[in-house]
Amino acid sequence: MSEAKTEWFIEADEATNRIIAEQVPDAEECPGIICGDGQARNLWRVPAHQVAMLAGNRRKLGLNFTVFCRVDTRGIHVSFLFNSPQKRSAWKRVVMAA
């Protein structure tokens, strides 16, 4: 059995969009993506390590965004891993240990 492929996406406000465009070179703009709830969103596809970096600096830089993920070919859904303060600190511990 192969390992599941997970893609990470960010939906951000205008100011955060500018920061992502300027500071995250691996981010790919994905306008009008239909998510699991049926809504079309303008998202950024971002590598997991950069999502973790943005989430870790969210408060310090005043970033406002929601993280979504897609596992294999399933729909895009909100990821509670980066959107909840408790989960963010758990993820940070995982990233630091790696």
Side-chain angles (χ1 to χ4, degrees):
M1 212 160 111
S2 66
E3 192 173 315
K5 178 185 174 193
T6 303
E7 293 180 284
W8 296 95
F9 299 87
I10 290 179
E11 179 182 44
D13 65 8
E14 192 173 323
T16 303
N17 277 335
R18 277 195 301 275
I19 290 171
I20 292 171
E22 294 169 2
Q23 303 297 323
V24 184
D26 296 335
E28 177 186 339
E29 199 169 7
C30 303
I33 295 229
I34 305 295
C35 294
D37 62 1
Q39 285 191 325
R41 291 185 169 86
N42 296 324
L43 303 174
W44 292 91
R45 182 178 297 135
V46 179
H49 70 280
Q50 291 183 326
V51 173
M53 183 266 311
L54 290 167
N57 289 302
R58 182 188 302 242
R59 192 173 297 141
K60 184 169 116 181
L61 299 176
L63 304 175
N64 185 22
F65 60 88
T66 303
V67 178
F68 293 81
C69 70
R70 173 170 50 204
V71 178
D72 290 331
T73 59
R74 293 179 227 146
I76 297 175
H77 299 279
V78 170
S79 169
F80 294 99
L81 181 62
F82 290 106
N83 296 318
S84 146
Q86 294 83 12
K87 301 285 183 173
R88 280 198 302 267
S89 63
W91 174 256
K92 195 181 291 183
R93 286 192 299 273
V94 170
V95 170
M96 296 299 218

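- Distance CG/Asn64 to CG/Asp13: 4.5 Å, rounded to 0.5 Å.
- Atom CZ of Arg70 is separated from atom CG of Leu43 by 9.5 Å, given to the nearest 0.5 angstrom.
- Counting only heavy atoms from C-beta outward, the side chains of Cys69 and Val51 never approach each other to under 4.5 Å.
- Proximity of Gln50 to Pro25: side-chain heavy atoms (C-beta onward) are separated by under 4.5 Å at one or more points.
- Scored by the salt bridge (charged side-chain N to carboxylate O under 4.0 Å, His left out) test, Arg41 finds Glu11, Asp37 as partners (sequence neighbours excluded).
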Check your understanding: What do the steps show when you test Phe65 against Val67 for side chain to side chain contact (heavy atoms under 4.5 Å, CB included), and what is the final call?
Key -> CA-CA 7 Å; Phe65 60 88; Val67 178; 3.6 Å; yes
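- Qualifying side chain to side chain contact (heavy atoms under 4.5 Å, CB included) partners for Ile34, counting only residues two or more places apart in sequence or in other chains: Ala40.
- Annotation: side chain to side chain contact (heavy atoms under 4.5 Å, CB included) contacts of Ala21 (sequence neighbours excluded): Trp44.
- The side chain to side chain contact (heavy atoms under 4.5 Å, CB included) check on Lys5 picks up Glu7, Asp72, with sequence neighbours excluded.
- In this structure, the separation between CD1 on Ile19 and CG on Leu54 is 9.0 Å, given to the nearest 0.5 Å.
- Applying the side chain to side chain contact (heavy atoms under 4.5 Å, CB included) rule to Asn42 yields the partners Pro31; only residues at least two apart in sequence or on another chain are considered.
- Sorted by first then second residue, the side-chain hydrogen bond (donor to acceptor under 3.5 Å, both in side chains) pairs that include residues 20-33, not counting sequence neighbours, are Glu28-Arg45.
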